[in-house]
2 protein chains.
Amino acid sequence: MKWTELSDNWCPVARTLSVVGDRWTLLILRDCFLGLSRFEQFIESSGMTRHILAERLKRLVEAGILERRQYSAGPKRYDYVLTEKGQELAPALLTLKDWGKKHMPVRRATNA
Amino acid sequence: MKWTELSDNWCPVARTLSVVGDRWTLLILRDCFLGLSRFEQFIESSGMTRHILAERLKRLVEAGILERRQYSAGPKRYDYVLTEKGQELAPALLTLKDWGKKHMPVRRATNA
DNA sequence: TGCCTTAGTTCCAAAATGAAACTTATGGAG
DNA sequence: CTCCATAAGTTTCATTTTGGAACTAAGGCA
């Protein structure tokens with residue numbers, strides 16, 4: 001079964017996962033909730049490759065979760081901000097955070 | 001950056017994703033919350049391949065989220081049940097469900 | 001004996017990912 | 001004007017993961 005086929009699944013959890021059920025995608029959203037919005041910021045914060053980031057951002061925009069917004073007219077540049085639909089994923093991110101704090105202790109320090 | 005490196009990330013969301021940040025893994029957990037526990041049940045319910053299912057179940061057991069339990073001594077057979085740690089992922093699944101119900105309407109019927 | 005069930009494993013082609021270099025468009029230093 | 005820097009991507013290619021389908025193991029049952 002292909003990922004995309006999940007978008008019409010009877011189960012709302014499966015449908016949600018068809019768009020955000022991917023490590024990198026959820027990390028991008030975490031970064032958005034932390035206030036980041038630019039390509040280079042996501043790269044630096046999450047450690048994913050530009051390749052994947054570009055692909056995921058495209059998906060998220062198509063899904064109506066992020067909006068691609070021009071923030072500079074000089075050299076035309078774009079960043080990404082949460083739509084209202086995207087904002088409403090906050091509770092999901094928060095439950096994942098809480099679970100992680102409780103059940104996934106840090107073993108050694110990193111700086112990512 | 002590799003998936004596993006995420007398990008020691010400073011961010012609790014990232015650490016959580018290092019173990020459940022994958023479509024199939026979350027669908028397995030959904031099935032567990034629906035009361036399923038056996039290999040063949042997960043296969044039928046989720047549509048994933050046996051290959052992937054076996055791999056994910058191993059991960060989830062190692063992570064202490066599921067427990068592999070022998071349920072038949074005749075032909076030795078095993079199934080998988082949520083540990084307490086696993087049970088506590090319920091709120092996360094519920095928020096994903098709520099978001100899906102609100103923002104991911106079904107376009108056409110499926111029978112998966 | 002021979003077929004059924006159930007939890008896996010194996011094999012291979014196809015798709016996704018990681019790493020790193022390259023592109024495009026413009027601003028600014030000298 | 002020339003050259004370097006910034007920032008958002010794109011391209012290329014080797015490696016990894018996935019999907020699909022067949023195969024194995026260990027009994028049960030007729």
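Values below: every heavy atom of this structure, side chains too, minus hydrogens, waters and symmetry copies.
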Using a heavy-atom cut-off of 4.0 Å across all strands, would you classify Phe42(B) as base, sugar-phosphate, or nothing?
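If one applies the 4.0 Å heavy-atom cut-off, Phe42(B) turns out to touch nothing in the nucleic acid.
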Across the strands shown, which category fits Tyr78(A) at heavy-atom distances under 4.0 angstrom: base, sugar-phosphate, nothing?
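Contact class for Tyr78(A): sugar-phosphate only.
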Could you check how far [atom1] of [X] sits from [atom2] of [N], rounded to whole Å?
X	N	atom1	atom2	result
Leu53(B)	dG8(C)	CG	P	8 Å
Ile52(A)	dT16(D)	CD1	P	15 Å
Met48(A)	dA20(C)	CE	P	17 Å
Lys58(B)	dT10(C)	NZ	C1'	12 Å
Phe39(A)	dT23(C)	CZ	P	17 Å
Glu44(B)	dT5(C)	CD	C1'	14 Å
Leu57(A)	dG9(D)	CG	P	7 Å
Leu36(A)	dA7(D)	CG	P	14 Å

Tell me which nucleotide among [options] gets nearest to the side chain of [X].
X	options	result
Glu40(B)	dT6(C), dT17(C), dA19(C)	dT6(C)
Tyr71(B)	dA7(C), dG18(C), dG20(D)	dA7(C)
Arg56(A)	dT17(C), dT18(D), dA7(C)	dT17(C)
His51(A)	dT18(D), dT17(C), dG8(C)	dT17(C)

Respond yes when some side-chain nitrogen or oxygen of Trp24(B) is under 4.0 Å from OP1 or OP2 of dT17(D), and no when none is.
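Trp24(B) to dT17(D) OP1/OP2: no side-chain N or O under 4.0 Å.
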Can you tell me if Tyr80(A) touches the phosphate of dA7(D), counting only side-chain N or O atoms and a distance under 4.0 Å to OP1 or OP2?
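For Tyr80(A), the contact criterion (side-chain N or O under 4.0 Å from OP1 or OP2 of dA7(D)) is not met.
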Reading 5' to 3' through nucleotides 25-30 of chain D, protein heavy-atom contacts under 4.0 Å coded B for base, S for sugar-phosphate only, - for none:
-BSS--
So, Arg50(A) and Glu40(A), do they make that salt bridge, N to O below 4.0 Å?
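A salt bridge links Arg50(A) with Glu40(A).
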When you measure from the side chain of [X] to the backbone N and O of [Y], does any donor-acceptor pair fall under 3.5 Å?
X	Y	answer
Ser45(B)	Phe42(B)	no
Ser7(A)	Arg15(A)	no
Arg68(A)	Asp79(A)	no
Trp99(A)	Lys85(B)	yes

Less than 4.5 Å apart, side chain to side chain, heavy atoms only: is that true for Asp31(A) and Gln41(A)?
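Of all side-chain heavy-atom pairs linking Gln41(A) with Asp31(A), none is under 4.5 Å.
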Within 45° of the axis and under 6.0 Å from the centre of the six-membered ring of Tyr71(A), does NZ or CZ of Arg38(A) qualify?
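Yes, Arg38(A) sits over the ring of Tyr71(A).
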Quick one: does Arg50(A) reach the base of dA20(C) with a side-chain donor-acceptor pair under 3.5 Å?
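A donor-acceptor contact between them is absent.
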